[in-house]
Amino acid sequence: MKKKIFLSGTGGMLGEAFYEVFKKNYELKCTDIDVNEDWLEYLDFCDSDKYKLLVEKFSPNYLFHIGAFTDLEFCEKNETETFKTNTDSVKTAVKISNKLNIPLLYISTAGIFDGLKEFYDEEDLPKPMGVYAISKYEAEKFVMQNCKKFLICRAGWMMGGGPKKDKKFVQKILKQIKEGKKELFIVDDKFGTPTYTYDFAKNTEALIDTKNYGLYNMACQGNTSRYEVTEEILKILNLNNSIKLTKVNSDYFSKTFFAKRPNSENLLNKKLNDKGLNLMRPWRETLKEYLDNSYSSYL
Ligand SMILES: NC(=O)c1ccc[n+]([C@@H]2O[C@H](COP(=O)([O-])OP(=O)(O)OC[C@H]3O[C@@H](n4cnc5c(N)ncnc54)[C@H](OP(=O)(O)O)[C@@H]3O)[C@@H](O)[C@H]2O)c1
């Protein structure tokens, strides 16, 4: 008989990959407030009574708490709602996991660091700077201090979901290309580690299978900059001779992207490497796969 996983907040970028990867070997119950797929059921995970009720009814072997508010500017402007969604709901998840004695997966972020170091491994102390980062780190700490069995996986710059679900950098660039822009202004003072949702889901599966619980950085191999990612997108799409790239610094976008962001979000997958469980591929390889699979008929 297949083991069962209850997933909450699965209607977004990462949820799509989790559904596709885990459905092969597990029986899933995927939920979200945005029921945008026929494999999703409605659950507002801020409704703690309903959350408990639905999970207990499904009686899973694992609880995956995936969803959050991920728009940093929205979070800055909506602090109370952000803490409710990104922190308090995770506390509920911890209580459910403890009560049912099942492992909890919580997704954290490279954004919880202050960006003053070049690289961050699992032993570095987070110093979150904005509302989103604080809300995510508070939840991370609560899981670590209170959950009996947990897996915390930290992602870097997420890539996945395609035109329908990707709310992040790759989609923002692709949208401008589709609109016919002939010059793109890209910051060259932000560094990080792209993280392909499918690699992330597969590496999580490997950890679950081997019962290696705890805290893990989980980003693709190789650190880079926003500018270099854009260069690579244009190269893959064969547009490097027809679209001009202009380097700017973050001040250029300070009105639109006013939330504080670390200059460096470079994650090192130290613990995955130490355990021989690092399945994350080089970011260039996964970017190509992502564009080939999700954007071939977009432009
Ligand atoms: N995106 C990144 O770059 C990134 C990087 C590192 C870590 N992470 C973490 O990875 C996880 C997945 O993020 P993602 O990129 O997949 O984000 P996403 O695409 O925005 O998906 C999150 C999903 O959660 C849903 N949600 C929000 N509030 C909810 C609630 N109260 N009840 C149920 N569902 C709710 C959202 O619905 P709505 O769309 O209607 O709000 C959305 O469908 C998050 O924990 C995030 O913090 C993301």
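One-based numbering, in listed order, for ligands and for the atoms of each.
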Asks: Starting from atom 9 (C) of ligand 1, find the nearest protein heavy-atom neighbour and note its residue, name and distance.
Replies: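 Answer, as residue, atom name and distance: I107 CG2, 3.7 Å.
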Asks: Tell me the protein heavy atom at minimum distance from atom 22 (C) of ligand 1, and give that distance in Å.
Replies: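 I find the closest protein heavy atom is A68 O, 3.7 Å.
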Asks: Return each pair, listed once, that meets salt bridge (Lys or Arg N to Asp or Glu O under 4.0 Å) where at least one residue sits in residues 232-241; pairs must be two or more places apart or across chains.
Replies: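 Applying salt bridge (Lys or Arg N to Asp or Glu O under 4.0 Å) to every pair that reaches into residues 232-241, excluding sequence neighbours, yields E232-K235, E232-R284.
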Asks: Of the side chain and backbone of D34, name the one, both, or neither that has a heavy atom under 4.0 Å from an atom of ligand 1.
Replies: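 Within the 4.0 Å criterion, D34 contacts ligand 1 through side-chain atoms alone.
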Asks: Where does the angle between the aromatic ring planes of F45 and Y51 fall among parallel (under 30°), tilted (30 to 60°) and perpendicular (over 60°)?
Replies: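 Ring orientation of F45 relative to Y51: tilted.
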Asks: Between ligand 1 and C46, can you find any atom pair, the residue atom being a heavy atom, that is separated by under 4.0 Å?
Replies: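 Contact present.
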Asks: For F257, give me all partners under ring pair (Phe, Tyr, Trp, His ring centres under 6.0 Å), at least two apart in sequence or on another chain.
Replies: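 Partners of F257 by the ring pair (Phe, Tyr, Trp, His ring centres under 6.0 Å) criterion come out as none, since no residue qualifies.
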Asks: Could you tell me if the ring centre of Y19 sits under 6.0 Å from that of W39?
Replies: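 Here the rings of W39 and Y19 have centres that are less than 6.0 Å from each other.
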Asks: Evaluate A155 for polar contact with ligand 1, using N/O atom pairs at a separation under 3.5 Å.
Replies: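 Between A155 and ligand 1 (N or O atoms, distance only) the closest approach is not under 3.5 Å.
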Asks: Students should be able to answer this: which protein heavy-atom is nearest to atom 39 (O) of ligand 1, and at what distance?
Replies: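 Of every protein heavy atom, K167 NZ, 3.3 Å lies nearest to atom 39 (O) of ligand 1.
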Asks: Between F150 and Y106, is the ring centroid distance below 6.0 Å?
Replies: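 F150 vs Y106: aromatic centres not under 6.0 Å.
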Asks: Regarding ligand 1, does D44 bring an N or O atom to under 3.5 Å of one of the ligand's N or O atoms?
Replies: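 D44 vs ligand 1: N/O contact under 3.5 Å present.
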Asks: Which of the atoms in ligand 1, numbered in the order shown and given with their element, are less than 4.0 Å from a heavy-atom of T85?
Replies: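 Answer, ordered by atom number: 28 (N).
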Asks: For residues K148 and N101, determine if any side-chain heavy atom of one lies less than 4.5 Å from a side-chain heavy atom of the other.
Replies: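 In short, these two side chains touch, coming nearer than 4.5 Å.
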Asks: Check this for me - ligand 1, S108, N or O atoms closer than 3.5 angstrom, yes or no?
Replies: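 Not met; the criterion fails.
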Asks: Fit a plane to each ring of F64 and F22, take the angle between them on a 0 to 90° scale, and name the class: parallel (under 30°), tilted (30 to 60°) or perpendicular (over 60°).
Replies: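 Taking F22 first and then F64, their aromatic rings stand perpendicular (interplane angle over 60°).
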Asks: Among all protein non-hydrogen atoms, which one is nearest to atom 15 (O) of ligand 1, and what is the separation to 0.1 Å?
Replies: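 For this ligand atom, the closest protein heavy atom is M13 SD, 3.7 Å.
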Asks: Going through the distances and angles, do F6 and Y62 end up as a ring-ring contact (aromatic ring centres under 6.0 Å, His included)?
Replies: CA-CA 6 Å; F6 189 103; Y62 303 97; over 10 Å; no
Asks: Which protein heavy atom lies closest to atom 5 (C) of ligand 1, and at what distance to 0.1 Å?
Replies: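 Of the protein heavy atoms, G156 O, 3.2 Å lies nearest.
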Asks: K164 versus E37: any side-chain heavy-atom pair under 4.5 Å?
Replies: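 A side-chain contact under 4.5 Å exists here.
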Asks: Report yes if some N/O of F45 lies less than 3.5 Å from some N/O of ligand 1; otherwise report no.
Replies: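 So ligand 1 has an N or O lying under 3.5 Å from an N or O of F45.
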Asks: Is D32 close to ligand 1, meaning an N/O of one under 3.5 Å from an N/O of the other?
Replies: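 N/O-N/O distance under 3.5 Å: yes.
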Asks: Applying a heavy-atom cut-off of 4.0 Å, say which part of L43 lies close to ligand 1: side chain, backbone, both or neither.
Replies: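 For L43, the contact with ligand 1 is made by the backbone alone.
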Asks: Give me the nearest non-hydrogen protein atom to atom 2 (C) of ligand 1 as residue plus atom name, then the distance to 0.1 Å.
Replies: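 Of the protein heavy atoms, M158 CB, 3.3 Å lies nearest.
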Asks: For ligand 1 and Y132, I'd like to know whether there is a polar contact (N/O to N/O, distance under 3.5 Å).
Replies: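 Such a contact does occur with ligand 1.
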Asks: Atom 24 (O) of ligand 1: which protein heavy atom is closest, and how many Å away?
Replies: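 The closest heavy atom on the protein side is G67 CA, 3.4 Å.
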Asks: Linking I/L/V/M/F/W/Y whenever their side-chain heavy atoms sit closer than 4.5 Å, directly or via other members, would I208 and I96 fall into one cluster?
Replies: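 Different clusters: I208 never reaches I96 through Ile, Leu, Val, Met, Phe, Trp or Tyr contacts under 4.5 Å.
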Asks: Taking only heavy atoms of T70, which atoms of ligand 1 are found under 4.0 Å from at least one of them?
Replies: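 Counting from 1, the qualifying ligand atoms are 13 (O), 17 (O), 20 (O), 46 (C), 47 (O).
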Asks: Quick one: OH on Y216 to CD1 on I152, what's the gap to the nearest 0.5 Å?
Replies: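 Reported to 0.5 Å precision, the distance equals 11.5 Å.
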Asks: Which residue and non-hydrogen atom of the protein lie closest to atom 35 (C) of ligand 1, and at what distance in Å?
Replies: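 It is I33 CG1, 3.3 Å.
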Asks: Looking only at distances, please establish whether an N/O atom of ligand 1 is found under 3.5 Å from an N/O atom of L14.
Replies: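 Indeed, backbone or side chain, L14 has an N or O that close.
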Asks: Answer yes or no: does an N/O atom from I66 fall short of 3.5 Å to an N/O atom of ligand 1?
Replies: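 Such a contact does occur with ligand 1.
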Asks: Donor-acceptor pair, distance only, cut-off 3.5 Å: does the side chain of T10 make one with the backbone of T31?
Replies: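 Yes; judged by distance alone, with no hydrogens or angles, the pair exists.
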Asks: Is it the case that K247 places NZ or CZ above or below the six-membered ring of Y227, under 6.0 angstrom from the centre and within 45 degrees of the axis?
Replies: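 Yes, a cation-pi geometry holds between K247 and Y227.
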